[in-house]
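Step one of this worksheet: look at the structure below.
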Amino acid sequence: MNAGSPPAQALKQASPTDRGIRVVRSPDDLLSAPVAADELRHRAVLVKSSAVADRDTLEAVQTALPWMDVWRDHRSYVTGVWRCEVDGALERPDYTAYRPRTLDFHTDMSRYLRPPEFTVIRCVVPDAEGGDNLVLHIDDILTRLRGLGRDDIVDMLVAERPLSMEPRHYNHGRVAVGTPVTAALVVPEAADAPCRIYDRHGASKGDHLALSQEEERLFDEFFAYCRGQEDLAERVRLEAGDILAFSNWRFMHARLECSGSGRVTEICMGNDDRLPTEGDSA
């Protein structure tokens, strides 16, 4: 089968899971139905600015997700917040995540032995015309691929393989720095194991995966299918102050092209502070 979107008749044979996105509009909504870690493993939650008042990003995130232990292991996150500025006038900025063009589906901090489980994106300045976010649950796209007979792509994703790791990627756990680590890119239907979808042509720097030419082809076809599943991916328009939260282990996310002047977001990552975060092996 050629890479790209599957034919329409095939799409009809594999109906999506209707996850939807829960929208929290007020402090009362947040109080009566708090955002829970288990919920974010199943569906994304949009917390509107009206629910968290005019706080800075870290305060707003801690109001929306008080149970989340904010992740600070990466140098970009030492303050708990990473600021991402997309300037529509710059086609070749220093870091490719800042380019206005579409940023493909990926999970964050995938090289770490234990990537942070949750991603929270807060909009500071929206793009005037584009820059919408997409979230896609990994189990939904795997089910779709199996239904379309693309077990070759699924088998490539679930096969264990060596990970390329630097000393800082070992998360200060019980696994000694330099220990060879193997892991699957995708662990189906497992809320307690990270998926690692590297943005191979996007923001990542360096070679994170050792892939054969055939595996590279299958990986690129996987991304092409992800882009084509508009009925599986949830599309979210973030306005100033809005927060989008989801599991970084179970959801991939993408950003559509910023076709206006650009946008500014601030991103927090973290884990459920009620669960152990050290010493886990990949």
Looking at Asp242 and Arg122, does any basic side-chain N land under 4.0 Å from a carboxylate oxygen?
-> no
Sequence neighbours left out, what passes salt bridge (Lys or Arg N to Asp or Glu O under 4.0 Å) with Asp152? Give chain and number order.
-> Arg150
Do Arg146 and Asp151 meet the salt-bridge criterion of a basic N to acidic O distance under 4.0 Å?
-> no
Side chain Thr107, main chain Ile197, donor-acceptor under 3.5 Å | yes
What about Leu136 and Leu148, same hydrophobic cluster or not, with Ile/Leu/Val/Met/Phe/Trp/Tyr joined at side-chain heavy-atom distances under 4.5 Å?
-> yes
Student check: side-chain heavy atoms of Leu157 and Phe222 closer than 4.5 Å = yes
Flag the pair Asp140 and Arg19 as a salt bridge only when some basic side-chain nitrogen lies within less than 4.0 angstrom of an acidic carboxylate oxygen.
-> yes
Counting only heavy atoms not in Glu230, do more than 12 fall under 6.0 Å of its CD?
-> no
Minimum side-chain heavy-atom gap Leu134-Glu234 below 4.5 Å | no
Is there a donor-acceptor contact under 3.5 Å from the side chain of Ser50 to the main chain of Arg25?
-> yes
Is the closest side-chain heavy-atom distance between Met109 and Pro116 below 4.5 Å?
-> yes
N/O donor-acceptor pair under 3.5 Å between His42 side chain and Glu39 backbone | no
Show the numbers, then the answer: is there a side-chain contact (heavy atoms from CB on, under 4.5 Å) between Arg41 and Glu117?
-> CA-CA 9 Å; Arg41 296 174 182 124; Glu117 187 178 359; 2.6 Å; yes
From the options Leu40, Val61, Asn248, Val35, select the one residue that forms a side-chain contact (heavy atoms from CB on, under 4.5 Å) with Phe118.
-> Leu40
Do Cys258 and Glu129 have side-chain heavy atoms sitting under 4.5 Å apart?
-> no
Would you confirm whether Arg250, through its side chain, and Ala190, through its main-chain N or O, come within 3.5 Å as a donor-acceptor pair?
-> yes
Measure the CG-CG distance between Leu218 and Asp155 for me, rounded to the nearest 0.5 Å.
-> 9.5 Å
In this structure, CD of Glu266 is separated from OG1 of Thr79 (nearest 0.5 Å) by 8.5 Å
Start with the C-alpha distance between Arg227 and Asp104, add both sets of side-chain angles, then the distance that settles salt bridge (charged side-chain N to carboxylate O under 4.0 Å, His left out), and finish with yes or no.
-> CA-CA 8 Å; Arg227 288 190 297 269; Asp104 216 341; 2.5 Å; yes
What's the spacing between Glu189 CD and Ile138 CD1 if we round to 0.5 Å?
-> 11.5 Å
When you check the gap from the basic side-chain N to the acidic O, do Lys48 and Glu239 get nearer than 4.0 Å?
-> no
Which residue, Asp28, Val24, Leu30, forms the side-chain contact (heavy atoms from CB on, under 4.5 Å) with Ser26?
-> Asp28
Measure across Arg72 and Leu58 and return the closest heavy-atom pair with its distance rounded to 0.1 Å.
-> NH2-CD2, 4.2 Å
Co-membership, hydrophobic cluster, residues Val236 and Val264, 4.5 Å side-chain | no
Going through the checks in order, is the side-chain contact (heavy atoms from CB on, under 4.5 Å) test met by Ile21 and Val135?
-> CA-CA 10 Å; Ile21 290 182; Val135 289; 4.2 Å; yes
Is the side chain of Tyr170 donor-acceptor paired with the backbone N or O of Met165 at a distance under 3.5 Å, no angle test?
-> no
Heavy-atom closest pair, residues Cys268 and Gly80 | SG-O, 3.2 Å
Would you mind reporting whether Thr265 and Asn133 have side-chain heavy atoms less than 4.5 Å apart?
-> no
What is the minimum heavy-atom distance between Ile141 and Cys226, and which atoms define it?
-> CG1-SG, 3.9 Å
Salt bridge Glu257-Arg101, side-chain N to carboxylate O under 4.0 Å = no
Which value, rounded to the nearest 0.5 Å, describes the distance between Leu46 atom CG and Cys123 atom SG?
-> 10.5 Å
Please identify each residue that fulfils ring pair (Phe, Tyr, Trp, His ring centres under 6.0 Å) with Trp71, with sequence neighbours left out.
-> Tyr77, Tyr112
Centroid-centroid under 6.0 Å between His253 and Phe105 rings = no
How long is the gap from CH2 on Trp67 to CD on Gln62, to the nearest 0.5 Å?
-> 12.5 Å
Rounded to the nearest 0.5 Å, what separation is found between the CD atom of Gln213 and the CD atom of Glu215?
-> 11.0 Å
Check whether any side-chain heavy atom of Val120 sits under 4.5 Å from a side-chain heavy atom of Met269, and report yes or no.
-> no
Non-hydrogen side-chain atoms of Asn271 and Met68 separated by less than 4.5 Å | no
Is the shortest heavy-atom distance from the side chain of Gln229 to the side chain of Arg144 under 4.5 Å?
-> yes
May I have the step-by-step check of side-chain contact (heavy atoms from CB on, under 4.5 Å) for Trp249 and Cys195, ending in yes or no?
-> CA-CA 5 Å; Trp249 289 6; Cys195 293; 5.7 Å; no
If you take all heavy atoms of Leu185 and Met156, which pair is closest and at what distance?
-> CD1-SD, 4.3 Å
